[in-house]
Amino acid sequence: MNTNTINLQAGPMEDTLTKGLNQHQLEAVSLNWGSSLVLAGAGSGKTTVLTKRAVYLLSTLKQAPESILAVTFTNKAAGEMRERVESLVGPQIARRLMIGTFHSICARLLRQEIHRYKSKEGLTWKTNFVIYDETDSMSLVKNTVQKLNLDEKVFAPREMRYAISALKNDGLTAAQFTSEARTYRDGKLSEIFNHYQAGLARNNALDFDDLILIFNDLLDQDPDLRSELQERFRHVLVDEFQDTNQSQYKLIRSLCREEPKDITDEELTKLWHERSLMVVGDVDQSIYSWRKADFRIILGFQKDYRQTRLIKLEDNYRSTASILEVANSIIQNNTERIEKTLRCNRGQGAKIKVYAGMDEIDEAYFVVEELKRLQARGINLSDTAILYRTNAQSRSMEEVLVRNHTPYLMIGGTRFYDRAEIKDVIAYLKLIYNGSDGQSFLRTINTPKRGLGKSSLDHLVEYAEKNNISLLHAAVLANKIPALSARAAKSFADFALLIERLQDLATHKSVSELLELLLSQSGYTRKLEEEASAAKDETAYGRLENLRELITVAQEFESLADEPNLESFLTRISLVSDLDAVKHGEDAVRLMTLHSSKGLEFKNVFLVGLEEGLFPHVRSINSHSPAALEEERRLMYVGVTRAEERLYITYSRKRASFMTGNFGSTNYTIPSRFLSEIKPDLLTGLESQPATPSFEPQTQNRYSSQPQQSRFGQTQPSTPAQAKPRVLGRYTPPPESPNHSTQSEPSFERFKLGDQVMHTKFGMGKVTQVIGEGEKELYNIEFQSSGKRLMDPKFAKLIKVN
DNA sequence: GAGCATTGATTTTTT
DNA sequence: ATCAATGCTC
């Protein structure tokens, strides 16, 4: 028997594989060779199908584990798939499959193969390349625009970076775009693109998009490598195929070999012998077109692969009929789609509750009170998600959750790895790993301050460019740069010595030890401690904590990773998002954007902020492009179909926003058009308010700082009456709530002497004095971190914690 | 060169 | 409202 196959008893394994599958799922799992397209509606069990398909290839079709390549949308999904495969075939086999996102798979393969690559312009990379995130690549684009003497107003670096990214996602290299550029602007853009790319090579860095693009380009120019990989990956599985872009699709086609146009069916069958390609997706859930994902690829798939087996999974096992009807009634309004009807396999379920808050705080209170009621009925917070369109919306939600001691887990948002101190330290690590990285050099050279300013740096950069050496190398040779002052030269040389010392340590210390050493030897910790103790910066404590956290992350990594070295640590943190780190089981409600919720499911879902301009977002409305609006609608569809049992939809009648045109001001809102697309009899307002279905204010809203003036009626769009959901008085929390509303209640939360309070910036504190009364009340608060401060509760963001 | 004050730009989703 | 970039002073 071949060691590359597993020979399980046909009977039991077959049973395990087929158990619980419906006819269509079974068909997909047990396909033989060739290409297949699985159109899988939300909740139709596509993850199960993919997993079992992989195991079927291993066990029944006796394929080698190494021959299977499975592409998922997130690293978390990859981890889960590997776990599920492992539970069926054991760790020895499971670890030999290649499972990951496009980016992580390409990064892994490039680590081994990039030495073979040379671009058309002759650019090359070394094995120890680093991966640039958005910030790194943004600052490189900016440098490039400046160096080319272009007007930053006309060629805004932000836009240029975005344009380059879009080109790369469409599969165009700098050379290819240059030959296509016709207009003046495109000409300049190609100039920037070329210089930017050269800059990346000089820094021995790749951006996100390069991981796939460069790998494709390498496969194009190296037929040997291509055949090698085609031989190896005989079975390719792709999840979330509707969100694949041209560059990614090209990679798939390279690995699976193109089908020659005029080839007989017989030859085609031969071509696919002991090979397979299965793509799984749902056009209605395509939500990444802004990243150049193109769901038309899925529509054209059968043309590219002629003998494709088409399988539709239309049985939904996730949601109640009510939820599915809502989803279907919304998505029906899209024109660009494949007709598909989800069949429900569960009961009718409850109607969808809709709530209109006075403002975003009131809206959040409704959610929190509803959460408490769910908890009282024995429902876990961890089975519940609050989904929103933009990250900024998490703020008001968090505030109210904290006040009510409701544990929550925020996913995405300001990501841990985006924090300044974390990026600083990672820049050190990148520079230690790859001394050519100029962006990391520039980030670390004066952090903490080493007395090196702009002019000294300009001299160093000039010297490095003239001699075609890295900035770090130039720093080593600083005493040979005449323009530098003796002090500056010494400072550069010292820094170079520091990095050299750390590079040496990196060869025999673990990543976490290296982190500790670099933090102390660079003076970074000392700087933060000084800032913290001098009370100049109250956030310094928090930043020190974040750095401890990073060391913990490194220690965890060391205990879990196959190869716990600096290289894999850096690759990992470059590609792993917060979403991938979501812990299971923790009893906390999950907060995330609709985009982050893709692929997840929850018993209870709150969709918040259903307002015109927010969801659908202004950008998609202002673009006047039906396609953009349809994508927002798909996003709504994704949100609705995350829910298994209960779905809530909320919005606020007014919202403090800096999105809808005027910054920092409060605007009255119009309910989202998506609400009016739902059949009214699927919705219900709150039963606790049957007596006052009026939109007129009842009392002053105690959660907002201004008297309520509902102009809801006037701001209604000129759409017919059915556009108005039949809701909804103001939400009145249960009476046990601490500060029940009265007419004379001030417009802020009142505190008493001795109350423990929390401030977003100063942290924990205690009320030591109350000055004045009523509307004019002021508090003297002693903060643990920064001593006493007088605060006006009308403005300070204070939250009572006891 | 560092620290502070002012000015200007900002407006989605993320591997 | 908030932050980054710029300008001014020591």
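Letters A, B, ... mirror the listed sequences (proteins, then strands); counts begin at 1. In what follows, every heavy atom counts, from backbone to side chain, and hydrogens, waters and symmetry copies are set aside.
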- Note on the structure: Comparing nearest nucleotides in DNA chain B, the 5'-proximal residue of the pair A:Q248, A:R158 is A:R158

- Just checking, A:K527 and A:Y524: is the charged tip under 6.0 Å from the six-membered ring centre and within 45° of the axis? yes

- Query: Base, sugar-phosphate, or nothing: which does A:R634 touch, judged by heavy atoms less than 4.0 Å apart?
  - Reply: nothing

- Could you please name the option among B:dT13, B:dG1, B:dG3 that lies closest to any side-chain atom of A:S455? B:dG1

- Item | Protein-nucleotide distance (A:D418, atom CG; B:dT15, atom P), rounded to Å | 10 Å

- Would you kindly give the NZ-to-C1' distance between A:K598 and B:dT12, to the nearest whole Å? 16 Å

- Within the structure, does a side-chain N or O atom of A:K142 lie under 4.0 Å from either OP1 or OP2 of C:dA5? yes

- Item | Contact under 4.0 Å: A:N391 side-chain N or O vs B:dT14 OP1/OP2 | yes

- Query: Within the structure shown, what part of the strands sits under 4.0 Å from A:Y288 by heavy-atom distance: base, sugar-phosphate, or nothing?
  - Reply: sugar-phosphate

- Quick one: is B:dA2 close enough that its OP1 or OP2 comes under 4.0 Å of any side-chain N or O from A:N446? yes

- Under 4.0 Å: is that the gap between some side-chain N or O of A:S620 and OP1 or OP2 of B:dT12? no

- Query: At under 4.0 Å between heavy atoms, what does A:S104 touch on the DNA or RNA strands: base, sugar-phosphate, or nothing?
  - Reply: nothing

- Query: Does NZ or CZ of A:R253 come closer than 6.0 Å to the centre of the six-membered ring of A:Y249, within 45° of the ring's axis?
  - Reply: yes

- Message: Quick check against the 3.5 Å criterion: does A:E80 have a side-chain atom that pairs as donor or acceptor with the backbone of A:A77?
- Response: no

- Rounded interatomic separation in angstrom, taking NZ from A:K454 and P from B:dG3: 19 Å

- Item | A:D207 and A:Y196 side chains, donor-acceptor separation under 3.5 Å | yes

- Using atom types as modelled and distance alone, determine if a side-chain donor or acceptor of A:E631 lies under 3.5 Å from a backbone N or O of A:S289. yes

- Message: Does B:dT13 have OP1 or OP2 under 4.0 Å away from a side-chain N or O of A:S596?
- Response: no

- Query: Taking only side-chain nitrogens and oxygens of A:T593, does any of them come within less than 4.0 Å of OP1 or OP2 of B:dT14?
  - Reply: yes

